[in-house]
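Worksheet: the structure to be examined is printed underneath.
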Amino acid sequence: MPRPTHPTHSGEGFLVGNLLVFILMFALFLGSLWALSFGTLTNVWPWALALVLFGLAFWIPQTILGRSDTMMGRDSSGGGLNRI
């Protein structure tokens with residue numbers, strides 16, 4: 001008789017990958033803060049760079065990396081799980 005297994009949770013078993021993504025996104029965020037230190041009222045490029053880096057630090061995990069596997073095991077309507 002097979003033993004029941006507990007369901008895996010989001011991100012379980014991907015520690016190294018999660019740490020690498022966290023470090024990369026945190027570096028982008030810190031880079032945006034660092035770019036702000038060069039900003040003046042006459043030079044717009046540090047502000048633009050900070051805005052782009054800050055946006056990427058949040059857009060990449062939420063759009064590209066997040067929710068990529070939420071439809072696995074679901075029916076075509078997005079409703080319940082496929083039961084075979």
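- Applying the side-chain hydrogen bond (donor to acceptor under 3.5 Å, both in side chains) test to pairs two or more places apart or on separate chains, those with a residue in residues 50-60 are W59-T63.
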Expected list for residues 31-39: side-chain donor-acceptor pairs under 3.5 angstrom, two or more places apart:
unit_1 : atom_1 : unit_2 : atom_2 : d
S32    : OG     : F29    : O      : 2.5
S37    : OG     : W34    : O      : 2.5

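- Residue I23 holds its CD1 atom at 11.5 Å from CG of L30, rounded to the nearest 0.5 Å.
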Show me, pair by pair, the donor-acceptor contacts under 3.5 angstrom made by side chains of residues 43-56, not counting sequence neighbours?
unit_1 : atom_1 : unit_2 : atom_2 : d
N43    : OD1    : W45    : N      : 3.4
W47    : NE1    : T40    : O      : 3.2

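- Residues I64 and V21 share a hydrophobic cluster, clusters being chains of Ile/Leu/Val/Met/Phe/Trp/Tyr side chains in contact below 4.5 Å.
- Nearest heavy atom pair, residue A57 against residue M25, reads CB-O, 3.7 Å.
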